Amino acid sequence: DIVMTQTPLSSPVTLGQPASISCRSSQSLVHSDGNTYLSWLQQRPGQPPRLLIYKISKRFSGVPDRFSGSGAGTDFTLKISRVEAEDVGVYYCTQVTQFPITFGQGTRLEIK
Amino acid sequence: EVQLVESGGGLVQPGGSLRLSCAASGFTVSSNYMTWVRQAPGKGLEWVSVIYSGGSTYYADSVKGRFTVSRDNSKNTLYLQMSSLRVEDTAVYYCATAPGWSLFDYWGQGTLVTVSS
């Protein structure tokens with residue numbers, strides 16, 4: 001199984017400041033079709049998860065452009081350019097390149 | 001507008017069975033990838049199962065042989081038949097869907113399954 005490791009597990013951030021979450025996979029996420037199926041999900045308190053980013057860097061419909069994804073191979077990053085109060089929650093990276101589909105442990109973003 | 005509404009959760013004894021439903025609107029379940037993901041209380045996300053538009057199904061090892069995913073195209077509904085339930089199956093179960101292999105474009109609100117004696 002591909003293990004997804006996120007750092008940090010908790011990130012206190014000041015409103016208006018940037019935030020960054022890293023995700024490392026135990027093996028390459030490059031699929032045989034050439035795509036890299038790495039996504040980022042946001043889960044606000046008491047809510048279901050929500051797709052933010054797919055295929056490393058593609059923002060899903062309706063996602064603010066302050067969210068961006070980058071990376072390649074086994075190392076990926078989610079960046080929030082200026083954190084807003086509504087960004088509080090837990091962020092998960094997930095790989096759908098290979099079965100079983102796996103998730104990172106989650107990173108809790110909180111406001112200082 | 002895409003909507004997913006899960007139902008069927010509840011309290012069940014270990015060894016029991018339960019069937020979850022995920023009623024879809026705004027798209028056709030037979031045209032999309034349909035996925036079940038669960039989240040134990042206070043824990044992270046765990047993939048459970050996926051059914052392809054073509055009907056192929058895949059399962060996490062933790063549920064293989066005990067859970068079955070299916071769909072009823074006439075009702076535009078996804079199902080998860082769960083049997084031989086264990087205490088560790090206690091979780092909120094979400095269904096999710098996508099037309100492509102991003103899998104997680106849209107999510108339901110979830111339904112809570114509690115396995116306890």
Side-chain angles (χ1 to χ4, degrees), chain A residues 1-7 9-10 21 23 29-63 69 76 78 89-109, chain B residues 1-7 9 20 22 24 26-27 32-52 56-65 67 69 78 91-113:
Chain A
D1 297 5
I2 297 177
V3 176
M4 306 295 287
T5 303
Q6 291 182 227
T7 54
L9 296 184
S10 179
I21 301 170
C23 176
L29 298 186
V30 179
H31 192 272
S32 57
D33 67 6
N35 290 303
T36 299
Y37 294 105
L38 184 282
S39 297
W40 289 95
L41 307 173
Q42 176 197 59
Q43 187 173 31
R44 292 169 172 154
Q47 294 295 311
R50 164 198 180 199
L51 179 65
L52 296 176
I53 303 285
Y54 64 100
K55 286 202 277 189
I56 303 177
S57 60
K58 297 185 182 300
R59 258 190 312 275
F60 186 59
S61 174
V63 174
F76 307 93
L78 175 70
V90 180
Y91 292 77
Y92 297 92
C93 60
T94 177
Q95 67 81 20
V96 297
T97 290
Q98 179 184 123
F99 287 119
I101 295 162
T102 49
F103 296 88
Q105 322 95 299
T107 295
R108 187 171 302 276
L109 184 76
Chain B
E1 180 192 6
V2 172
Q3 285 199 331
L4 298 168
V5 179
E6 300 94 335
S7 61
L20 306 183
C22 172
F27 73 101
N32 275 22
Y33 296 97
M34 299 294 300
T35 306
W36 287 99
V37 173
R38 67 185 180 184
Q39 185 170 37
K43 302 297 184 182
L45 302 173
E46 181 187 13
W47 172 71
V48 172
S49 178
V50 63
I51 182 168
Y52 287 13
S56 299
T57 58
Y58 298 87
Y59 300 91
D61 284 348
S62 58
V63 307
K64 199 173 296 182
F67 291 11
V69 62
L78 175 74
V92 173
Y93 284 73
Y94 297 101
C95 64
T97 189
W101 194 241
S102 54
L103 287 191
F104 300 127
D105 292 11
Y106 303 97
W107 294 70
Q109 288 296 313
T111 187
L112 176 62
V113 172

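Just so we're clear, the structure is a prediction, and the values are computed from it rather than from any experiment. A note on names: the letters A, B, ... follow the listed sequences, proteins ahead of strands, and every chain is numbered from 1.
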Please determine whether side chain to side chain contact (heavy atoms under 4.5 Å, CB included) holds for the pair B:Ser102 and A:Phe60, giving the CA-CA distance in whole Å, both sets of side-chain angles, and the decisive distance to 0.1 Å. CA-CA 10 Å; B:Ser102 54; A:Phe60 186 59; over 6 Å; no

Walk me through it: do B:Glu6 and B:Tyr93 pass the test side chain to side chain contact (heavy atoms under 4.5 Å, CB included)? CA-CA 8 Å; B:Glu6 300 94 335; B:Tyr93 284 73; over 6 Å; no

Please walk me through it: do A:Gln98 and A:Tyr37 pass side chain to side chain contact (heavy atoms under 4.5 Å, CB included)? CA-CA 9 Å; A:Gln98 179 184 123; A:Tyr37 294 105; over 6 Å; no

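Partners of B:Ser56 by side chain to side chain contact (heavy atoms under 4.5 Å, CB included), not counting sequence neighbours, listed by chain and number: B:Tyr52, B:Tyr58. By the side chain to side chain contact (heavy atoms under 4.5 Å, CB included) test, B:Thr97 pairs with B:Val2, B:Leu4, B:Phe27, B:Asn32, B:Met34, B:Tyr106, sequence neighbours left out.
When every heavy atom of B:Val92 is checked against every heavy atom of B:Gly110, the shortest pair comes out as CG1-CA, 3.8 Å.
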Give every donor-acceptor pair under 3.5 Å between a side-chain atom in residues 50-59 of chain A and any protein atom, sequence neighbours left out.
unit_1, atom_1, unit_2, atom_2, d
A:Arg50, NH1, A:Gln42, OE1, 2.9
A:Arg59, NH1, A:Phe67, O, 3.0

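Residue contact with chain B, scored on non-hydrogen atoms closer than 4.5 Å, involves the backbone and the side chain of A:Gln47 alike. Contacts of B:Glu46 with chain A are made by backbone atoms alone, with heavy-atom separations under 4.5 Å and no side-chain atom involved. With a 4.5 Å cut-off on non-hydrogen atoms, B:Leu45 touches chain A through its backbone and its side chain both. Residue A:Leu38 does not touch chain B at all, counting heavy-atom pairs closer than 4.5 Å.
Ranked by heavy-atom pairs shorter than 4.5 Å toward chain A, the options B:Tyr59, B:Trp101, B:Phe104 are led by B:Trp101.
Of all residues in residues 99-108 of chain A, those placing a non-hydrogen atom less than 4.5 angstrom from a non-hydrogen atom of chain B are A:Phe99, A:Pro100, A:Ile101, A:Phe103.
We find the CD-SG distance between B:Gln109 and B:Cys22 to be 11.5 Å, quoted to the nearest 0.5 Å.
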